[in-house]
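Reviewing the structure listed below.
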Amino acid sequence: MKIGIIGSGGREHSICESLSKSEKVKKIFCFPGNAGTSDVAENIEIDLENFEDIKNFILEKKIELIIVGPEKPLVEGLVDYLEKFKINVFGPNKIASQLEGSKIFTKKLCQKFNIPTAEFGIFQNKDDANKYLESSNYPTVIKADNLASGKGVYICNNQNEAKLAVVEIFGGKFGKAKNILIEEFLQGEEMSFFTIHDGNSFKNFGTAQDHKRVLEGDKGKNTGGMGAYSPSRLINEELEYKIINKIIKPTLKALSEIGADYKGFLYTGLMIINNEPYLIEYNVRMGDPECQTILPKIKTDLLDIFLACCEQKLSKINIEWVNKKSICIVVCSKGYPDSFQKNVEIKNINKISTNKDEFLFHAGTSHKNGKTYAIGGRVLNFVSLSEDFATAKKISMSNLEKLNWSGGFYRRDIGYKVID
Ligand code: AMP
Ligand code: GLY
């Protein structure tokens, strides 16, 4: 089969690698991919906003299945568009993608269906928001409604910080803002819970914990994710039952009432307080770097799973996993998440050879004249699997030492909560 993958991050490289193990996969195209995907797929430079060009390429090359990695094309309706041309796509449609595309859509859905989440208010203008903030408890959480690559969330310690956030959001920092969301601050531990859906049924797809802050000790600015480990230390049978019955099933019911059956990965971002789950956010895709920690553990053919989802036969598939711990450490360009230099050579990358249960997934990289260059903020992902987290981390760290790249940095404390 010919497969197409939309995206260019570590998540998409890990999807390419997993799919390339399937005997049924004859060729993979990656739109636009990175230096890592070019080893297993053909990278296609194409504007991801130009749905018509994407569709024409897919039809011309007779690509039989498309997997959409990132949120933006999902929220913009790429799945709906391609399906009009009878193209087989794995990913949620535009209505369902509002779960990530609009935080206010999700909060209203939680309210209507009694889904546990932080108390909240929605405000249409600065004055109303500020009035509410005068009698709020602190810290409080202020969010832009729309997609903001994880940057539209402010945790404010006092009224001054909160009012500044209101000014920035209504000032258009994350695009035109009609509304603003103010939320109660939930004190607990975060966990990411993944499921895969075929529109009819769904299956669990692992748990993980990422480290969003740029500095060690979970300090500093928010990033796309500096590292992750799987499984989460918080998961247990009772908690899983609550997540599914109090959060995921009511959400699917709510979507089906507005005519959207969910197909694709669903990433449920949770705050766990005394073994009770509260919904923080939904993402309508796999997490990055969580995906890179979860996919290497899968034993079942990933293509069979995607195809079963597209044919609404997921219930007939048994998804098997290796029972190991997985850790991913992300190497970033110096300066990230603020400005950083582009086109910096990664000199030692050829010194990294990976054994069984070790993986090097590329993100912001590109090949030129046989050399590898960093072109993005998050550049490489070092993933290892082992019987325990400490060993997995040791292996990733020893590979990182071989890289010894002066243009990059990484957090040395990924997984500190699960490693003594
Ligand atoms: P989001 O983009 O909604 O996931 O928010 C980004 C991060 O902000 C989350 O991963 C949490 O660490 C934090 N956060 C968001 N909402 C809350 C909340 N209500 N209480 C505490 N922390 C929150
Ligand atoms: N790692 C966070 C995300 O993928 O949104």
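In listed order, ligands and their atoms are each counted from 1. Numbers for residues simply follow the sequence, beginning at 1.
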Practice prompt. Kindly identify the option in K212, E190, K103 whose heavy atom sits closest to atom 2 (O) of ligand 1.
Written response: K103

Discussion item. Looking at ligand 1, is there an atom of it that comes within less than 4.0 Å of some heavy atom belonging to Q187?
Written reply: no

Discussion item. Checking the N or O distance criterion of under 3.5 Å, is ligand 2 in contact with D288?
Written reply: yes

Worksheet item: N50 and D47: side-chain donor and acceptor closer than 3.5 Å?
Response: no

Fill in: Heteroatom proximity flag, V141 to ligand 1, N/O under 3.5 Å
no

Fill in: Pick from K143, E281, E183: the one approaching atom 15 (C) of ligand 1 most closely through a non-hydrogen atom
K143

Item to complete: Can you pull out the closest protein heavy atom to atom 2 (C) of ligand 2? Residue, atom name and distance to 0.1 Å, please.
Response: D210 OD2, 3.3 Å

Discussion item. Taking only non-hydrogen atoms of S192, do any sit less than 4.0 angstrom from ligand 2?
Written reply: no

Discussion item. For the aromatic rings, using the six-membered ring if either is Trp, is the centroid distance between F57 and F29 under 6.0 Å?
Written reply: yes

Fill in: Per-residue contact class, R285 against ligand 2 - non-hydrogen pairs under 4.0 Å
side chain

Worksheet entry | Donor-acceptor pair, side chain of K103 and main chain of L147, under 3.5 angstrom | no

Worksheet item: Which one holds for E290 and ligand 2: side chain close, backbone close, both close, or neither close, with close meaning a heavy atom under 4.0 Å?
Response: side chain

Worksheet item: Any nitrogen or oxygen of G225, main chain or side chain, under 3.5 Å from a nitrogen or oxygen of ligand 2?
Response: no

